[in-house]
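The figures that follow rest on heavy atoms only: side chains count, while hydrogens, waters and symmetry mates do not. Sequential numbering from 1 along the given sequence is applied to the chain's residues.
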Amino acid sequence: MRPRILVTGIPGHYTRLANGAHGLSVSYSERQKQPETKEEFLQELRNISNTGNYLIGEGALRAIAPHAKQVPFWHLYNCSKNGVGLEEFNANFDICVFTCANLLRKGLSADAEAEVLGKLKMPIVMLGIGLQNRRDLENSLPEGTKRLLDVLKEREHYFLTRGFETAGFLKDQGFSYVQPTGCPSIYFMPHNMRASLKNLPKVEVGKARTIFSGYLGANQDCIVDATALAPEGSRPQYVIQDEFLHFDMNVEANGDGRVYDSASGTMLGELSYPGTERLKTPFDVRTFFDTNQWRAWASSMDFNFGRRFHGSIIAMQAGVPSLMVAVDDRMREMLGYTGLPAIDVVDVDKAENRAEFVADHLAGLNASELVDRYSDRERTFRSALREIGIGH
């Protein structure tokens with residue numbers, strides 16, 4: 001008999017339309033959101049914190065058996081805290097898949113996760129768990145995260161990690177089922193992912209219409225990237241994930257009171273961030289709250305040069321050749337496991353001619369090896385899901 005699967009944690013973009021929940025039922029609005037005023041736009045961004053996270057929930061749900069039921073984490077948390085309890089969920093599900101990301105980090109105490117998972121009396125699959133910074137693991141983790149790990153030690157558990165470092169840490173903590181598989185977003189639309197890898201050595205740097213992603217408002221690295229790599233006379237393209245929430249990037253409404261065009265994903269009004277004066281042509285800045293819209297737009301481009309992991313993955317899902325810049329331990333762990341094309345930020349920064357450096361790197365790639373490595377990792381991921389009993 002197939003297990004009854006509950007999926008919660010980081011959601012896909014579809015949960016934007018959830019307007020209520022009662023018991024096992026979740027209701028969804030048929031009216032699409034159009035967050036075009038500044039207040040509405042920023043609130044929509046706060047709801048997910050980082051639009052790249054939508055790829056995690058989406059990838060997980062596509063990989064898991066189709067009879068699985070997704071329930072928003074906020075509903076489970078509310079049930080746990082308001083006295084209703086989680087007995088109905090315990091009676092109707094056999095296993096919980098909790099989709100997560102860089103959960104093991106200094107700045108996040110997983111109190112809510114410990115609260116909910118502590119009351120679910122079923123095996124827990126921590127899908128896509130990873131670290132933010134290796135030093136966070138060497139030092140003490142927040143108390144809520146420690147409680148969460150204690151909860152998981154008390155029952156049957158499965159950790160499918162983003163890479164080897166997280167797997168090693170969890171094994172050292174005494175957990176039994178730990179397997180590196182990478183982020184579930186990597187295995188969404190695998191045919192397009194392989195097409196992206198195959199075409200990467202063919203990219204003409206300096207001529208290809210390029211997508212940029214990074215940390216505008218926190219540093220000016222993407223500005224240097226665009227100056228070096230964008231075609232002469234073109235308007236460089238930049239995609240937002242969380243910059244308005246966490247960095248020195250701001251937007252003010254235009255004459256119509258709008259900061260955002262829902263149809264195209266384009267930012268309107270006046271944008272400001274440090275370093276704008278260094279650009280010959282300002283970035284064309286976009287934000288996407290719907291991953292289908294994001295992929296559709298990305299598919300019209302020729303190349304992605306990204307300092308954001310999921311901003312690059314979604315371009316690959318659209319079949320666009322992508323090269324990532326590994327900027328932190330989180331990215332290095334994921335890239336080290338998957339073998340997806342990347343260069344380290346240290347090497348990029350010391351290159352005398354960034355365009356030549358990138359072009360030489362692309363020319364030296366072996367596309368067949370990249371595809372074979374990706375296909376091997378995909379098989380490992382799907383095999384792990386089937387072994388646990390949640391794959392298809």
Side-chain angles (χ1 to χ4, degrees), residues 5-12 49-50 52-61 63-64 70 73 76 95-118 120 122-138 140-188 309-310 313 328-338 377 380-382 384-385 387-388 390-391:
I5 306 168
L6 169 65
V7 182
T8 192
I10 295 176
S49 177
N50 184 328
N53 287 346
Y54 282 136
L55 276 70
I56 300 169
E58 178 183 56
L61 203 59
I64 295 168
Q70 200 277 341
F73 182 75
L76 294 174
I95 190 168
C96 173
V97 177
F98 188 84
T99 55
C100 44
N102 49 328
L103 189 62
L104 302 174
R105 67 181 192 266
K106 182 174 61 178
L108 173 68
S109 184
D111 299 275
E113 291 83 353
E115 163 81 21
V116 171
L117 299 186
L120 288 177
M122 62 188 75
I124 304 293
V125 181
M126 300 296 286
L127 181 56
I129 189 169
L131 58 85
Q132 176 73 29
N133 187 307
R134 288 191 184 94
R135 285 172 295 183
D136 293 349
L137 306 186
E138 295 166 2
S140 59
L141 288 170
E143 289 303 316
T145 306
K146 291 179 182 177
R147 282 199 302 276
L148 173 62
L149 294 179
D150 288 341
V151 162
L152 296 173
K153 283 180 181 176
E154 295 172 357
R155 70 190 57 196
E156 188 177 359
H157 56 261
Y158 304 88
F159 286 95
L160 300 183
T161 73
R162 286 182 158 197
F164 295 114
E165 288 82 0
T166 304
F169 169 76
L170 291 168
K171 288 178 180 178
D172 289 344
Q173 300 301 303
F175 290 101
S176 53
Y177 191 106
V178 181
Q179 183 171 344
T181 54
C183 177
S185 63
I186 298 167
Y187 311 109
F188 184 87
F309 184 79
H310 287 108
I313 292 297
D328 56 23
D329 290 343
R330 174 187 56 93
M331 282 187 76
R332 291 184 185 97
E333 179 183 34
M334 292 189 284
L335 292 166
Y337 174 77
T338 59
R377 293 312 195 205
T380 297
F381 173 69
R382 300 197 190 282
L385 296 184
E387 179 182 340
I388 295 169
I390 60 174

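P11 is not listed as a side-chain neighbour of F73, based on a closest heavy-atom distance of 4.5 Å or more. With contacts defined as side-chain heavy-atom distances shorter than 4.5 Å, the pair Y177/E387 qualifies. Side chains of P142 and R105 form no contact here, defined as non-hydrogen atoms less than 4.5 Å apart. Residues R377 and I186 form no side-chain contact, since every pair of their non-hydrogen atoms from C-beta on lies 4.5 Å or further apart. Side-chain atoms of Q179 and F159, non-hydrogen and from C-beta on, never get closer than 4.5 Å to each other. Taking 4.5 Å as the limit, every side-chain heavy atom of N102 sits out of range of all side-chain heavy atoms of L131. Considering only heavy atoms from C-beta on, H157 comes within 4.5 Å of S176 through its side chain. The shortest side-chain heavy-atom distance between T8 and F98 falls under the 4.5 Å cut-off.
Judged by the 6.0 Å and 45° rule, R330 forms no cation-pi pair with F309.
Between K171 atom NZ and T161 atom OG1 the span is 8.5 Å, to the nearest 0.5 Å. K146 contributes atom NZ, which lies 4.5 Å from atom CD of E143 (distance to the nearest 0.5 angstrom). Atoms CD1 and CD1, on I64 and I390 in that order, are 5.0 Å from each other to the nearest 0.5 Å. Note that CG of L148 and CG of L108 are 9.5 Å apart. Values are rounded to the nearest 0.5 Å. The CG atom of N50 sits 4.5 Å away from atom CG of N53, with the distance rounded to the nearest 0.5 Å.
Here the closest non-hydrogen pair linking L127 and A60 is CD2-CB, 3.7 Å. Minimum heavy-atom separation, L55 to S185: O-CB, 3.5 Å. Taking each heavy atom of A110 and T145 in turn, the nearest pair found is N-OG1, 3.3 Å. Heavy-atom minimum distance, C183 versus I56: SG-CG1, 3.9 Å. What you find for G144 and A114 is that their closest heavy atoms are O-CB, 3.9 Å. When all heavy atoms are compared, the tightest approach of P123 to Y158 is CB-CE1, 4.1 Å.
A donor-acceptor pair under 3.5 Å links the side-chain atoms of T99 to the main chain of I10, judged by distance alone. Of the possible donor and acceptor atoms, none in the side chain of T166 sits under 3.5 Å from a partner among the backbone N and O of R162. Side chain of Y337 to backbone of P180: a donor-acceptor contact under 3.5 angstrom is found.
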Exercise for review: Begin from the C-alpha positions of S140 and K106 and carry the test side-chain contact (heavy atoms from CB on, under 4.5 Å) through to its verdict.
Suggested key: CA-CA 8 Å; S140 59; K106 182 174 61 178; over 6 Å; no

Practice item. Carefully, step by step, assess D328 and Q132 under the rule side-chain contact (heavy atoms from CB on, under 4.5 Å). Key: CA-CA 8 Å; D328 56 23; Q132 176 73 29; 3.8 Å; yes

Exercise for review: Step by step, work out the side-chain contact (heavy atoms from CB on, under 4.5 Å) result for L6 and I95.
Suggested key: CA-CA 6 Å; L6 169 65; I95 190 168; over 6 Å; no

Point to revise | Pair L160-L385, side-chain contact (heavy atoms from CB on, under 4.5 Å): steps then yes or no | key: CA-CA 9 Å; L160 300 183; L385 296 184; 3.7 Å; yes

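Using bins of under 30°, 30° to 60° and over 60° for the plane-to-plane angle, the ring pair Y187/F381 lands in the parallel bin.
Under 4.0 Å is where a charged nitrogen must lie from a carboxylate oxygen, and between R147 and D150 no such pair does.
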